[in-house]
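Step one of this worksheet: look at the structure below.
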Amino acid sequence: FISVYFLASFFKLEKNGVDVRTIKMLLPSLAPGLSCFPFILEYFGESTLANAAIADIGNKVFVLIILYLLALKWYHKYEYVEYSGKGNKLKSLAKSLIQEPVNLVIIAGIGMLLIGINYETMPSFLRGAVDRLSMMMTPLVLVFIGISVKLDWKQLKVIWSILLFRSGCAFLFSGLVLMISQISDPMVAMLIILFPQSSCSFWPYAHMSAINKMGEDSEKAKTFNLDLGMNMLALSLPLSTLIILALSTYGEKSADLLFVFILSGVLITVSLIPNLLRRINTKFFDAKEVKMVEKKEDVLELNRS
């Protein structure tokens, strides 16, 4: 999330613009269920998957609650929607948070557990419906992403650079955690490396869609750029899947600290090089054009003389 401030200045994006707010929502979010959990289960077993599911709790709190509150804050700030008072502000935030569909399901699930209703106690026809629904979710999300993508070559190049930078930062974070904690268990070390490489989550996009819909009657600019968000989701999933699959296939050797830091440096460098070269070329041609103009002015002055 913090790295977006650096990316905004490097890619010459408006500091508090629509694109930057969209990137801030998606870049720090994780969707391990789509891109990470299947490979952890296949290569490292159920115990490692259970640890990954526990680690995902923090991610879910951040994605479902903190990012939603942040999106609401930006909506009221940049759409110029005023609250009538502090009490109404807190009441409105709480109401919006509770009415979020995912949070309603979580609250319902916690309530069922508190009164002793769980998956095993449900009738067989309900368990069958839940199982089929869970199997449908991933294909439905992928189909929705596929039919919603709007390809823009210029935008796609920027998104690839941002996603590579995100992956490099994740490797850097994993390397620092491994270096500080001195973890000896290779399964836990692999989890620390693979989990942050998960693709961007779909839920921030759902938040952004809901927020934009709230302001659809506003004459001001929309709070988020949904086309940019969808393209980021579409490109993030295959990139994360390839990285996680490659590291899982490579095995425990991927947990080597030096290897992680080298990979981080390579990805961050590769992500910044195209824009750096573009800047150098722009400065070179601008300087060349200035010299040509100055030379033309000198010739005109000489002719006048």
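For this chain, numbers begin at 1 and follow the sequence in order. Computed from a predicted model, the values in this text were never measured in an experiment.
- Taking the side chain as every heavy atom from C-beta outward, S198 and F37 never approach each other to under 4.5 Å.
- Between F39 and L194 there is no side-chain heavy-atom pair separated by less than 4.5 Å.
- I54 and V188 fall into different hydrophobic clusters, where Ile, Leu, Val, Met, Phe, Trp and Tyr are joined by side-chain heavy atoms under 4.5 Å apart, directly or via other members.
- With a 4.5 Å cut-off on side-chain heavy atoms, I66 and L70 do not count as touching.
- Under a hydrophobic clustering in which Ile, Leu, Val, Met, Phe, Trp and Tyr are joined whenever their side-chain heavy atoms come within less than 4.5 Å, directly or via other members, V266 and L7 fall into the same cluster.
- Between M232 atom CE and L239 atom CG the span is 11.0 Å, to the nearest 0.5 Å.
- From I40, atom CD1 reaches atom CG of L49 across 6.5 Å, with rounding to the nearest 0.5 Å.
- A continuous path of hydrophobic side-chain contacts links L258 to L176 [ILVMFWY only; heavy atoms under 4.5 Å].
- For the pair L228 and I23, the minimum side-chain heavy-atom distance is below 4.5 Å.
- By the side-chain contact (heavy atoms from CB on, under 4.5 Å) test, S271 is found to be paired with L164, F165, residues two or more places apart in sequence or in another chain being considered.
- Linking ILVMFWY residues whenever their side-chain heavy atoms come closer than 4.5 Å, directly or via other members, leaves M112 and I107 in distinct clusters.
- With hydrogens and angles disregarded, a donor-acceptor distance shorter than 3.5 Å links the side chain of S254 to the backbone of G251.
- The backbone N or O of L69 sits nowhere less than 3.5 Å from a side-chain atom of H207 that would complete a donor-acceptor pair.
- Using modelled atom types, no side-chain atom of D56 and backbone atom of N59 make a donor-acceptor pair closer than 3.5 Å.
- Atom CG of residue L247 and atom CZ of residue F259 lie 6.0 Å apart, to the nearest 0.5 angstrom.
- No option in L27, L235, V4 other than L27 meets the side chain to side chain contact (heavy atoms under 4.5 Å, CB included) test with I162.
- Shortest non-hydrogen contact noted between F195 and A52 is CE1-O, 3.7 Å.
- Expressed to the nearest 0.5 Å, how far NZ of K24 lies from CG of L67 amounts to 12.0 Å.
- Here the side chain of T249 pairs a donor or acceptor atom with the backbone of L245 at under 3.5 angstrom.
- Within the 4.5 Å cutoff, side-chain heavy atoms of L26 are placed close to those of M208.
- Atom-to-atom distance recorded for L172:CG and S167:OG is 11.5 Å, nearest 0.5 angstrom.
- No continuous path of hydrophobic side-chain contacts links L242 to Y43 [ILVMFWY only; heavy atoms under 4.5 Å].
- Using a 4.5 Å cut-off on side-chain heavy atoms (C-beta onward), F173 and I192 make no contact.
- The aromatic rings of F202 and Y205 sit tilted relative to each other, their planes meeting at an angle between 30° and 60°.
- With values rounded to the nearest 0.5 angstrom, I243 atom CD1 is found 9.0 Å from L163 atom CG.
- Taking 4.5 Å as the limit, some side-chain heavy atom of S236 sits within range of a side-chain heavy atom of R166.
- Residues F171 and L267 meet the side-chain proximity criterion, which asks for heavy atoms closer than 4.5 Å.
- The main-chain N or O of A170 is found under 3.5 Å from a side-chain atom of S174 such that the two form a donor-acceptor pair.
- Of all heavy-atom pairs spanning S201 and S29, the tightest one is N-OG, 3.0 Å.
- Of all the heavy atoms in A71 and I211, the pair that sits closest is CB-CG1, 3.9 Å.
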